[in-house]
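Remarks on the structure that follows.
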Amino acid sequence: MDKIGLFYGTYTGITGVIAEKIAEELGKDNVNLHNISKDGDLMQNYKKLIIGTSTWSIGELQEDWDNFMPKLQEMDFNGKIVALFGTGDQIGYPDTFLDGMGMLYETFQYRGATFVGFWPTQGYDFTSPLPLLDHDHFVGLAIDEDNQAELTNMRIKEWCKLLKPAFGLE
Ligand SMILES: Cc1cc2nc3c(=O)[nH]c(=O)nc-3n(C[C@H](O)[C@H](O)[C@H](O)COP(=O)(O)O)c2cc1C
């Protein structure tokens, strides 16, 4: 079976911890973890991808993803399955909550990706439009370790249940 490539970008380490929890939930043998700061060029080797980022500087993509953008914009994701997750702070930055995830969605979509793992907006309070698929759904899993850390494990578990059939893991 093809492995899933999970690529994440992190500044203080939070998104990396979430990435590890997702890999554990999907089965560590099924997932290769990659930090985008070093391994971005490996992305083209995978048909199944999980992509994670935080948002910084009021609505900016995490720095390592930002640096990788010129290469990402040249890649072809036609025929590839992509699930997104984002980490952010909905109380501190409601207008730009998870903007980074929204930016990556736009880029992968433009490059032909097929998305799985949309996530309901119920239980969050924010105003940013960028991470939204529609009124009721984020484009991917929304994690807020700053304000709702107690919900994180349950959110990851539920999200991975959605991903498993989409990634052929059950
Ligand atoms: C100066 C600063 C700016 C931030 N800007 C945003 C923002 O615009 N949107 C958002 O959702 N989170 C924002 N955050 C919150 C971080 O994205 C959040 O803490 C995230 O979990 C950090 O993950 P990382 O350590 O993996 O980079 C900001 C945090 C700081 C300290």
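Whatever order the structure lists them in is the order used to number ligands and atoms, beginning at 1.
- Considering backbone and side-chain atoms alike, Gly9 places every N or O at 3.5 Å or more from each N or O of ligand 1.
- Near Ser57, the atoms of ligand 1 lying under 4.0 angstrom from a non-hydrogen atom of the residue are 3 (C), 4 (C), 5 (N).
- Using a 4.5 Å heavy-atom cutoff, the side chains of Asp144 and Leu151 are not in contact.
- Ring geometry for Trp56 against Tyr11 counts as perpendicular: the plane angle is over 60°, on a 0 to 90° scale with 30° as the lower cut.
- Residues Glu145 and Thr87 are not in side-chain contact: their nearest non-hydrogen atoms beyond the backbone lie 4.5 Å or more apart.
- Of the protein's non-hydrogen atoms, Thr55 O, 3.1 Å is the one closest to atom 13 (C) of ligand 1.
- At a heavy-atom distance under 4.0 Å, only side-chain atoms of Asp146, from C-beta outward, approach ligand 1.
- Evaluated by nearest non-hydrogen atom to atom 31 (C) of ligand 1, the leading choice among Trp56, Tyr8, Tyr11 is Trp56.
- Residue-ligand proximity, Ile58 to ligand 1, at heavy-atom distances under 4.0 Å covers atoms 5 (N), 8 (O).
- No donor-acceptor pair under 3.5 Å is formed between the side chain of Lys80 and the backbone N or O of Ala113.
- Classified by interplanar angle (parallel below 30°, tilted 30° to 60°, perpendicular above 60°), the ring pair Phe118/Phe115 is tilted.
- The protein atom (non-hydrogen) at minimum distance from atom 20 (C) of ligand 1 is Thr87 OG1, 3.7 Å.
- Residue Gly88 has no nitrogen or oxygen atom sitting less than 3.5 Å from a nitrogen or oxygen atom of ligand 1, judged on distance alone.
- Ligand 1 lies nowhere less than 4.0 angstrom from a heavy atom belonging to Asp99.
- Side-chain contact annotation: Asn32 with Tyr46, donor-acceptor N/O pair under 3.5 Å present.
- Of all atoms in ligand 1, numbered sequentially from 1 with element shown, those under 4.0 Å from a heavy atom of Gly59 are 7 (C), 8 (O).
- Inclusion of Gly13 in the set of residues having an N or O under 3.5 Å from an N or O of ligand 1 is warranted.
- Contact atoms of ligand 1 toward Leu98: 10 (C), 11 (O) (distance under 4.0 Å to a heavy atom of the residue).
- Centroid-to-centroid, the aromatic rings of Tyr105 and Phe138 stay 6.0 Å apart or farther.
- Not one N or O of Glu145 is nearer than 3.5 Å to an N or O of ligand 1, by distance alone.
- Between Phe7 and His34, the ring planes are parallel. Angles under 30° get that label, and only those over 60° would be called perpendicular.
- With contacts defined as side-chain heavy-atom distances shorter than 4.5 Å, the pair Ile36/Met43 qualifies.
- In this structure, the protein non-hydrogen atom closest to atom 24 (P) of ligand 1 is Thr10 OG1, 3.4 Å.
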